[in-house]
Amino acid sequence: MPEGHTIHRLARDVADRFAGHPLDASSPQGKFADGAALLDGTALTVTEAHGKHLFLGFGPVGWVHIHLGLYGTFRFGEGPPPEPVGQVRLRLATRPDEPAVAGVPGPLHYADLRGPTRCELLTGPEKQAVSDRLGPDPLRPASDPRAAWERISRSRTSIAALLMDQKVVAGVGNVYRAEVLFRHGIDPYRAGRDLTREEWDALWADLVALMRDGVRKNRIDTVRDEHTPEAMGRPPRVDDHGGEVYVYRRAGQPCLVCGSPVATAELAARNLFWCPGCQRG
Ligand SMILES: [Zn+2]
């Protein structure tokens with residue numbers, strides 16, 4: 001499951017390639033054929049992300065709402081689009097006759113969406129309704145962390161589960177929740193209502209900084225300067241998620257700060273990672 005920074009990055013990448021151009025839209029697989037027919041020939045005007053939800057604005061036609069879920073992918077290509085491979089729900093492509101700068105045709109771009117849990121056309125109010133069901137997103141500048149605090153401070157649920165609940169905070173996934181709790185020395189099983197306001201404000205500020213960094217670099221790094229491989233003289237981490245982290249998928253390995261073995265347990269159907277030495281109740 002991609003974390004929120006991936007979706008914000010995707011919103012930016014889609015806008016960079018397609019915004020302002022009338023696009024060819026199609027659904028080679030057929031499942032979004034009606035929607036694609038309405039979009040075909042329309043210009044993409046704006047893109048937005050809220051948590052793990054991506055919205056592509058097509059002016060008066062409305063918004064394409066995309067949720068990748070566990071298996072969805074949205075991949076880009078350059079040049080004339082090839083024959084679609086696999087189950088392409090939505091293909092967007094720039095047009096060959098589209099002039100870029102001073103009459104010179106721009107490079108052709110296309111993007112293929114496969115396997116999303118959601119790909120639907122929404123009106124403005126319908127899009128707003130999706131957003132209204134989500135908690136504040138650390139990557140949206142207008143987000144108000146007080147809305148999350150109101151839920152957290154009244155909840156007996158663990159802070160680890162609350163951080164993953166998209167109605168409470170939108171966009172935080174398994175990596176950021178494990179890492180941000182580690183960075184603040186908070187036991188993941190502490191109830192939300194046992195957090196102090198100061199602790200929440202610090203967690204939120206840190207999520208904003210870490211996730212912005214994730215959008216910029218397109219990977220998740222959470223270790224402080226003194227714990228990088230260079231600073232500690234240790235080999236870099238090898239993991240298909242990339243990035244330097246404290247506890248995520250490091251079960252049984254020594255904590256980079258105190259040396260205790262990193263612990264793991266299942267919580268709300270996802271693997272939780274933490275350091276029992278650094279994160280006490
Ligand atoms: Zn530790």
Are the side chain of R237 and the backbone N or O of G243 linked by a donor-acceptor pair below 3.5 Å? yes
At what distance, to the nearest 0.5 angstrom, does CG of L195 lie from CD1 of I159? 5.0 Å
Short side-chain to backbone donor-acceptor contact, E3 and G173, under 3.5 Å: yes
Determine whether V14 and L121 fall in the same hydrophobic cluster, where Ile, Leu, Val, Met, Phe, Trp and Tyr are linked whenever their side-chain heavy atoms lie under 4.5 Å apart. yes
For the hydrophobic clusters of this structure (ILVMFWY residues joined by side-chain heavy atoms under 4.5 Å, transitively), does one cluster hold both V46 and F55? yes
Atom CG of L139 and atom CE of M211: how far apart are they, to the nearest 0.5 Å? 4.5 Å
Do D165 and T157 have side chains that approach each other closer than 4.5 Å (heavy atoms only, starting at C-beta)? no
State yes or no: do F58 and I66 share one hydrophobic cluster built from I, L, V, M, F, W and Y residues joined by side-chain heavy-atom distances below 4.5 Å, directly or via other members? yes
Enclosure of D132 CG (heavy-atom neighbours >12, cutoff 6.0 Å): yes
From CD (Q166) to NE2 (H50), nearest 0.5 Å: 9.0 Å
Can any side-chain N or O of R151 pair as donor or acceptor with the backbone N or O of A147 at less than 3.5 Å? no
Between R224 and E226, does at least one N-O distance fall below 4.0 Å, as a salt bridge requires? no
Those residues that, when tested against H5, pass ring-ring contact (aromatic ring centres under 6.0 Å, His included) (two or more places apart): Y176
Is any side-chain heavy atom of L267 less than 4.5 Å from a side-chain heavy atom of Y189? yes
Measure the CG-CD distance between D225 and E230 for me, rounded to the nearest 0.5 Å. 10.0 Å
Say whether, by atom type as modelled, one donor and one acceptor occur between the side chain of W200 and the main chain of P145 under 3.5 angstrom. yes
Taking side chain as C-beta onward, heavy atoms only, is E120 less than 4.5 Å from E126? no
Apply side chain to side chain contact (heavy atoms under 4.5 Å, CB included) to residues L68 and L10 and explain how you reach the verdict. CA-CA 11 Å; L68 293 178; L10 197 52; 4.2 Å; yes
Are L90 and V130 co-members of a hydrophobic cluster defined by side-chain heavy atoms under 4.5 Å apart? no
Using modelled atom types and a 3.5 Å cut-off, is there a donor and acceptor pairing between side-chain atoms of T117 and backbone atoms of H67? yes
Under 3.5 Å donor-acceptor, R177 side chain and A160 backbone: yes
Within the distance-only criterion (no hydrogens, no angle test), does the side chain of H8 pair as donor or acceptor with the backbone N or O of L54 below 3.5 angstrom? no
SB check R197 D201 (cutoff 4.0 Å): yes
Between I7 and G51, the two heavy atoms sitting closest are CB-O, 3.8 Å
Close side-chain approach of V64 to C119, heavy-atom, < 4.5 Å: yes
In this structure, which one of D112, D24, D40 forms a salt bridge (charged side-chain N to carboxylate O under 4.0 Å, His left out) with R91? D112
Specify the closest pair of heavy atoms between T228 and R234, including all atoms of both residues, with the distance to one decimal. C-NH2, 3.8 Å
Using ring-ring contact (aromatic ring centres under 6.0 Å, His included) as the criterion, point out the one residue from F273, Y246, Y248 that pairs with F182. Y246
Is there a side-chain contact between D144 and P136 (heavy atoms, below 4.5 Å)? no
Going through the distances and angles, do R133 and K167 end up as a side chain to side chain contact (heavy atoms under 4.5 Å, CB included)? CA-CA 6 Å; R133 289 194 292 271; K167 297 188 296 298; 5.8 Å; no
Identify the heavy atoms of V247 and E179 that sit nearest to each other, and give their distance. N-OE2, 2.8 Å
Pairwise side-chain contact, L92 with L44, heavy-atom cut-off 4.5 Å (strictly under): no
Is it true that F74 and F18 fall in one hydrophobic cluster, defined by side-chain heavy atoms closer than 4.5 Å? yes
Exercise: identify the closest heavy-atom pair between R12 and T47: N-OG1, 4.4 Å
Would you name the heavy atoms of C255 and C258 that are closest together and state the gap between them? SG-N, 3.4 Å
Indicate yes or no: at least one non-hydrogen side-chain atom of F32 is less than 4.5 angstrom from one of L39. yes
Check against side chain to side chain contact (heavy atoms under 4.5 Å, CB included), H65 and H53: CA-CA 7 Å; H65 170 219; H53 299 253; 2.8 Å; yes
Any side-chain to backbone donor/acceptor pair from E244 onto T222? Under 3.5 Å, distance only. no
Between L181 and W274, is any pair of side-chain heavy atoms under 4.5 Å apart? no
Does R118 have more than 12 heavy atoms from other residues, nucleotides or ligands lying within 6.0 Å of its CZ? no
For L134 and A170, which heavy atoms make the closest approach, and how far apart are they? CB-CB, 4.2 Å
Hey, could you give me the CH2/OG distance between W204 and S143, rounded to the nearest 0.5 Å? 5.0 Å
Please confirm whether the backbone N or O of R190 pairs with a side-chain atom of S158, one donor and one acceptor, at under 3.5 Å? no
Kindly say whether C275 contributes a backbone atom to a donor-acceptor pair with the side chain of Q279 at under 3.5 angstrom? yes
Just checking, is any N or O donor in the side chain of H21 or T94 under 3.5 Å from an acceptor N or O on the other one? no
Distance, nearest 0.5 Å, that separates OG of S27 from CD of Q87: 9.5 Å
Evaluate the side chain to side chain contact (heavy atoms under 4.5 Å, CB included) criterion for residues L256 and R250: first the C-alpha distance (whole Å), next the side-chain angles of each, then the deciding distance (0.1 Å), finally the verdict. CA-CA 10 Å; L256 301 181; R250 291 194 68 245; 3.8 Å; yes
